[in-house]
2 protein chains.
Amino acid sequence: MARRPKSPVASGDLDARKATILQAVVTEHVDTAAPVGSSAVAAATDLDVSPATVRAEMVALEREGYLAQPHTSAGRVPTDKGYRYFVDHLERGAVGAAQQTRVRDFFAHVRGEMEDVLEQTSKLLSQLTSHTSVVVGAGHSRATVLSAQLVNLDAHHHLLVTVFSDGTVTKHSVADAPGASAGEVAEASRQLNALLIGTTLGSRIQVPSRADAVARLVREATSALHEAAPTIEGEQVYIGGSSRVAESFDGVETVRAVLSILEQELVVVSLIEDILDADVSVAIGSEHGLEPLSACAVIVAPVTLEGETVGALGLLGPTRMRYREVMATAQAVSDELTRHFGGEPGA
Amino acid sequence: MARRPKSPVASGDLDARKATILQAVVTEHVDTAAPVGSSAVAAATDLDVSPATVRAEMVALEREGYLAQPHTSAGRVPTDKGYRYFVDHLERGAVGAAQQTRVRDFFAHVRGEMEDVLEQTSKLLSQLTSHTSVVVGAGHSRATVLSAQLVNLDAHHHLLVTVFSDGTVTKHSVADAPGASAGEVAEASRQLNALLIGTTLGSRIQVPSRADAVARLVREATSALHEAAPTIEGEQVYIGGSSRVAESFDGVETVRAVLSILEQELVVVSLIEDILDADVSVAIGSEHGLEPLSACAVIVAPVTLEGETVGALGLLGPTRMRYREVMATAQAVSDELTRHFGGEPGA
DNA sequence: CGTTAGCACTCAAGTCTAGTGAGTGCCAGT
DNA sequence: ACTGGCACTCACTAGACTTGAGTGCTAACG
């Protein structure tokens, strides 16, 4: 369960009635997108109190920062803090039966490599929730080389194909101006394989310093591999349903800003990881430091493989979001994804 | 140069004055985003005629379908047909010096595999033009296998790594429940390599029907490869600057529709290819059949390698677009990209 | 004492009314 | 063929007014 990262004022719990009222405001506002007034709250709850009483409570809730008023004569709207309280005191609901079967179906039929599965999953998530989804696959910084092979493309070009222990495969072009013979390429391939097996991208390799064609190829290939290391080590990101952003926010400028953030993979990855690190499953409004996303809430869930976090999935929508449903969906997909990889890793 | 695909009414050329006026309307409207009136046109051109005369001509242009009036007492706006005429009679301008050096700089410094280059290029394009860009890399249906290798991941999982003549590399998981010995895997790898080299994804392979572990692995691996063939053969798509969509259109619904199209890679690919096939470099409004994109113009340019089209780049913006500049940029990048791959293929 | 009914107050949003001005179409005169 | 003149159209804006949802306050009530 998510923890709230410190709260300046009267952090503790609200009394039961205030809590009920806050909850009603959130629920109602999520439904209607409009400020909600005291009488609506009175009608929606089973408190059996008059709007006037509700009003008094709402004044208190506003004073404490859970609610805000767009203008004097309007109803009230939850603040980020209000949503935070709502989310923290949300009893985890189960996902609907229809969704449940849809998720199971998906994972029963999905085929292909992990990359494909993650991409498909991000599409599934955005379809299920009507929000933009982000799926992050972990980086391979700790993966070791299982196999390295130099393949001849044409007279002057070769390809170093490297397979890592986590199932990733990379390729790197190696240009070879003088042009080595087929035998020399084969020999270089053998040496590379011997040299690289068991190493990680970070480790420094002792390359031959001889001047012959084979040694030259080996040097070229290893340097190509290590030059590209930062890129390879990085996480993969799959974003699904970016068009949902346009539905979620009315201001064109907000839409642009959010889309612009989504284009920056590095930012997205660190956003998701920050939230994950904080052991929080939801970041609301300005809780994550990204100013352009201050109108957004991000829900994350980890994907684990053999107890280790190998990725994460995230859902990005407006703060005015159906937290219960979306969190349940995120949880369900995360569970199934974990099971999917745990049950038949690499398949 | 682009050809106009049939035009119902008086297709031929407009007389010089009408053409000048149409051009002025387009230019002005692209600048101001507002309907342009007769006096603005009179001022903008060097025709030295009164607004009244311009008005008469504009009535004619409207009758012939080149201009439209949002409402009676407003100026005029170009129709798709108007833009089409404008584009068809545009003398190809050169790209500005600043852009030119920026493009050259980019290609001088860009590193990595073709996939990376294409992705970077799509970002470059969207930065240069402030529009959304699409870069399509050709499929590999005709590529032949250069090398196939079975790598052991763990006791029950192997990876078939295949290198194709066009430099693509694919991987496919092979599950192996009984678990073959290291020697058997190595033997299967040898057989696969012999079996697959020189074949294309389409070709049918004669697989061994024996029941031993090696034959079983070979069968599993080849079927995994061929099962995934349709996906592999497909084109890669790289989209850059999708946030620009939010700037280009004011209607939220339009933005959503366009983004939604961009999410469907297959649709995007066939859109670009249709335009390319028609030997047209620009599709305006409803010229391409995609209804949700009727407010868009798409500019395409081919990327060739040794005389063969290996990809394409596209720019997507509102019909109210700076055609001259954007087309010049597309041309420049296309040229440089072609040169880049031609000069040092695969690098 | 908490709760409530009553009431005056506020203010966004909708409706109506001109008034303004950019732009048009037409026509008669050059 | 062009142009100046002119009546006309109509989106847009501003101001005045109304409406109504919702408030905060207070006095009365159980």
Side-chain angles (χ1 to χ4, degrees), chain A residues 14-79 82 250-251 320, chain B residues 14-79 82 250-251 320:
Chain A
L14 298 169
D15 68 65
R17 195 165 69 182
K18 282 204 183 65
T20 312
I21 289 175
L22 175 54
Q23 192 180 329
V25 172
V26 171
T27 315
E28 197 75 7
H29 181 250
V30 166
D31 265 17
T32 63
V36 349
S38 53
S39 52
V41 171
T45 64
D46 49 2
L47 287 176
D48 259 334
V49 291
S50 76
T53 311
V54 173
R55 272 204 293 279
E57 297 284 44
M58 284 168 90
V59 172
L61 282 167
E62 179 168 8
R63 192 169 357 99
E64 292 169 41
Y66 295 98
L67 296 178
Q69 238 177 340
H71 56 266
T72 327
S73 71
R76 275 161 174 110
V77 160
T79 59
D250 16 51
R320 189 178 80 71
Chain B
L14 297 169
D15 68 64
R17 195 166 68 182
K18 282 204 184 66
T20 311
I21 290 175
L22 176 55
Q23 192 181 330
V25 172
V26 171
T27 314
E28 196 74 7
H29 181 249
V30 166
D31 264 18
T32 63
V36 350
S38 52
S39 51
V41 171
T45 63
D46 51 1
L47 287 176
D48 259 334
V49 291
S50 77
T53 311
V54 173
R55 273 203 292 279
E57 297 283 45
M58 284 167 91
V59 172
L61 282 168
E62 179 167 10
R63 192 170 355 97
E64 291 169 42
Y66 295 97
L67 295 178
Q69 237 178 341
H71 57 265
T72 326
S73 71
R76 271 154 175 117
V77 159
T79 60
D250 17 50
R320 189 178 80 72

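Below, read A as the first sequence line, B as the second, and so on, with proteins coming before strands; counting in each chain starts at 1.
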> Judged by atom type as modelled, is there a donor-acceptor pair below 3.5 Å linking the side chain of B/Ser38 to the main-chain atoms of B/Val54?
Replying inline: no
>> Under 4.0 Å, heavy atom to any atom of DNA chain D: which of residues 26-43 of chain B qualify?
In response: none
> Do you know which two heavy atoms are closest between A/Leu22 and A/Gly82, and how far apart they sit?
Replying inline: CD2-O, 4.0 Å
> Do you know the tightest heavy-atom contact between A/Thr79 and A/Gly65?
Replying inline: OG1-O, 2.6 Å
> For the pair made of NE2 in B/His71 and P in C/dA22, what is the distance, rounded to whole Å?
Replying inline: 13 Å
What does the list of N/O pairs under 3.5 Å between the protein and nucleotides 25-28 of chain C look like, with a distance for each?
from	atom 1	to	atom 2	distance (Å)
C/dG25	OP1	B/Arg76	NH2	2.6
C/dG25	N7	B/Arg55	NE	3.1
C/dG25	O6	B/Arg55	NH2	3.1

>> For chain B and DNA chain D, what are the first and last nucleotides along the strand, 5' to 3', with at least one atom under 4.0 angstrom from a heavy atom of the protein chain?
In response: D/dC2 to D/dA11
>> Give me the atom names and distance for the closest heavy-atom approach of A/Gln69 to A/Gly75.
In response: CG-O, 3.5 Å
> C/dT3 P sits how many Å from A/Glu57 CD, rounded?
Replying inline: 7 Å
>> What I'd like to find out is whether the side chain of B/Tyr66 reaches to under 4.5 Å of the side chain of B/Val25, using heavy atoms alone.
In response: no
> With a 4.5 Å limit on heavy-atom distance, are the side chains of B/Ile21 and B/Arg17 in contact?
Replying inline: yes
>> Minimum heavy-atom separation for B/His29 and B/Pro78, please, with both atom names.
In response: ND1-CD, 3.7 Å
Only pairs under 3.5 Å count here: list side-chain donor-acceptor contacts from residues 41-53 of chain B, not counting sequence neighbours, and write none if there are none.
from	atom 1	to	atom 2	distance (Å)
B/Thr45	OG1	B/Val41	O	3.3
B/Ser50	OG	B/Ala52	N	3.3
B/Ser50	OG	B/Thr53	N	3.4
B/Ser50	OG	B/Thr53	OG1	3.3

>> Let's see if you get this right: which residues in residues 17-25 of chain B place a heavy atom under 4.0 Å from DNA chain C?
In response: none
>> Could you check whether any side-chain N or O of B/Arg76 sits under 3.5 Å from a backbone N or O of B/Ala68, counting only pairs where one atom can act as donor and the other as acceptor?
In response: no
Tabulate atom names and distances for all N/O pairs under 3.5 angstrom spanning the protein and nucleotides 15-18 of chain C.
none

> B/Ala33 and B/Arg320: which non-hydrogen atoms are nearest, and at how many Å?
Replying inline: CB-CZ, 3.4 Å
> Under 4.5 Å between any side-chain heavy atoms of B/Leu14 and B/Leu61, yes or no?
Replying inline: yes
> Rounded to the nearest 0.5 Å, how far apart are OG1 of A/Thr20 and NZ of A/Lys18?
Replying inline: 11.0 Å
> Phosphate oxygens OP1/OP2 of C/dT4: is one of them under 4.0 Å from a side-chain N or O of A/Thr53?
Replying inline: yes
> What are the two closest non-hydrogen atoms of A/Pro35 and A/Val77, and how far apart are they?
Replying inline: CA-CG2, 3.8 Å
>> Can you confirm whether A/Asp250 is buried at CG, in the sense that more than 12 heavy atoms of other residues, nucleotides or ligands lie under 6.0 Å from that atom?
In response: no
